[in-house]
Number of protein chains: 2
Amino acid sequence: MARAATTSDACNAVAEPRRREILSYLGTHERPVGEIVIALKLDQPSVSKHLGVLRKVGLVRMRCDGRHKYYRTNAAAIKPLHDWSTEFEKFWQHQLARVKQRAEEKANQGK
Amino acid sequence: MARAATTSDACNAVAEPRRREILSYLGTHERPVGEIVIALKLDQPSVSKHLGVLRKVGLVRMRCDGRHKYYRTNAAAIKPLHDWSTEFEKFWQHQLARVKQRAEEKANQGK
DNA sequence: TTTACATATTCCGATATGGGTATCTATTGT
DNA sequence: ACAATAGATACCCATATCGGAATATGTAAA
């Protein structure tokens, strides 16, 4: 077996930095492909392909209007990712708290 | 260019489902490799390789003790991912609110 | 010092990727 | 009908991947 397909999962789709840029650029604001091409300075075929991947995993939605196709990110599809990372939130909060505490102790030594 | 290396980024490292399992299994609880192998029913070389990737991007920390190596997840390395997805939180909240509202309107029609 | 154990590394093969370039389709304007 | 425009698709290539099997390293026990 090889690496999992980029289209197998929101996680895999989002691993590609350009796709993250696209999602950020389209907040939930609907935009035609051409605008993405210009704004992010990517080749048009590249953008089309990235959008294809994002669409297959439900991360973007598309609406046709004549020869234009309007894309917007489907934020709900990002939530599972967010939920997964939230599993670890308590841990890094502890870590950061400890770091802060040590820093304060060190500062107090100087007094 | 090909697909970005799995070791190029926490995002790419985490795209692989087994690596996510490993991170979840080790909360911040320190465990030797062998325990991961047994708990997740993976081959030992596979686990070692996954741990190598996770280590390279800082998602796990390692401590040597004799012939054992203890791994634990470094939760702080997951925070950037969490922060990125949080960017979209406001959007899915809106979406879910709309869905709920429509459902309630529909329910009220029946009265 | 030989043996057993814990983990890491290497080699292989099949596969999907992303960039680039060219081309195809569909819709609009003249 | 024809040209122009928006977007998708097809093709090629270099590369990294994961699994599997075998082997290597390093530590501890006999």
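Values below: all heavy atoms of this structure, side chains included; hydrogens, waters and symmetry mates excluded. Residue numbers start from 1 in every chain, and the chains themselves are labelled A, B, ... in the order their sequence lines are given, proteins ahead of strands.
At a cut-off of 3.5 Å, with distance as the only test, no side-chain donor of Glu16(A) or Thr6(A) sits close to an acceptor on the other residue. A side-chain donor from one of Ser48(A) and Gln44(A) sits under 3.5 Å from a side-chain acceptor of the other.
The side chain of Lys69(B) approaches dT7(C) more closely than any other nucleotide in the set dG20(C), dT7(C), dA8(D). Across dA4(C), dG7(D), dA8(C), the shortest atom-to-atom separation from the side chain of Arg67(B) is found for dA4(C). Considering only side-chain atoms of Val33(A), the nucleotide from dG7(D), dG20(D), dT17(C) that sits closest is dG7(D). Closest to the Glu16(A) side chain, of the nucleotides dG19(C), dT17(D), dA8(C), is dG19(C). Of the candidates dA8(C), dA8(D), dG19(C), dG19(C) carries the atom nearest the His50(A) side chain, counting heavy atoms from C-beta on. Nearest to the side chain of Thr6(A), among dT21(C), dT17(C), dG19(C), sits dT17(C). The side chain of Pro45(A) approaches dA22(C) more closely than any other nucleotide in the set dA22(C), dT15(C), dA8(C).
Rounded to whole angstrom, the span from the CG atom of Leu51(B) across to the P atom of dT7(C) amounts to 10 Å. Rounded to whole Å, the distance from NZ on Lys41(A) to P on dG20(C) is 15 Å. The CD1 atom of Ile38(B) sits 13 Å away from the C1' atom of dC5(C) (whole-angstrom rounding). Rounded to an integer number of Å, the gap from CG of Asp9(A) to C1' of dA16(C) is 15 Å. Rounded to whole Å, atom C1' of dG7(D) lies 18 Å from atom CZ of Arg31(A). As rounded to whole Å, 19 Å separates atom P of dC5(C) from atom CG of Asp65(B). The CZ-P distance, from Arg63(B) to dT27(D), rounds to 15 Å in whole Å. Here dT15(D) presents its C1' atom at 11 Å from CZ of Arg3(A), a figure rounded to the nearest Å.
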Step by step, would you call Arg19(A) with Val14(A) a side chain to side chain contact (heavy atoms under 4.5 Å, CB included)? CA-CA 6 Å; Arg19(A) 285 196 282 267; Val14(A) 154; over 6 Å; no
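Judged by distance alone with a 3.5 Å cut-off, no donor-acceptor contact links the side chain of Gln44(A) to the base of dA6(D). Residue side chain Lys49(A) reaches the base of dG20(C) through a donor-acceptor N/O pair under 3.5 Å, judged by distance alone.
Arg19(A) comes within contact range of the sugar-phosphate backbone alone, with a heavy-atom separation under 4.0 Å but no base atom that close. Residue Tyr70(A) is classed as having no contact, given no heavy-atom separation below 4.0 Å to the nucleic acid. Using a 4.0 Å heavy-atom criterion, one finds that Ser48(B) contacts the bases of the nucleic acid, with or without backbone contacts as well.
With Arg20(A) contributing its side chain and Ala15(A) its backbone, the two residues share a donor-acceptor pair below 3.5 Å. Side-chain atoms of Arg31(B) never come within 3.5 Å of backbone atoms of Leu26(B) as a donor-acceptor pair (strictly under, hydrogens ignored).
Between Tyr71(A) and the phosphate of dA8(D), there is a side-chain N or O to OP1/OP2 separation shorter than 4.0 Å. At the phosphate of dG18(C), neither OP1 nor OP2 sits under 4.0 Å from any side-chain N or O atom of Ser46(A). Look at His68(B) and you won't find any side-chain N or O under 4.0 angstrom from OP1 or OP2 of dA28(D).
Where Ala4(A) and Asp43(A) each meet DNA chain C at their nearest nucleotide, the meeting point lying more 5' is that of Ala4(A).
Using the six-membered ring where Trp is involved, Phe91(A) and Phe88(A) have ring planes that are tilted, between 30° and 60° apart.
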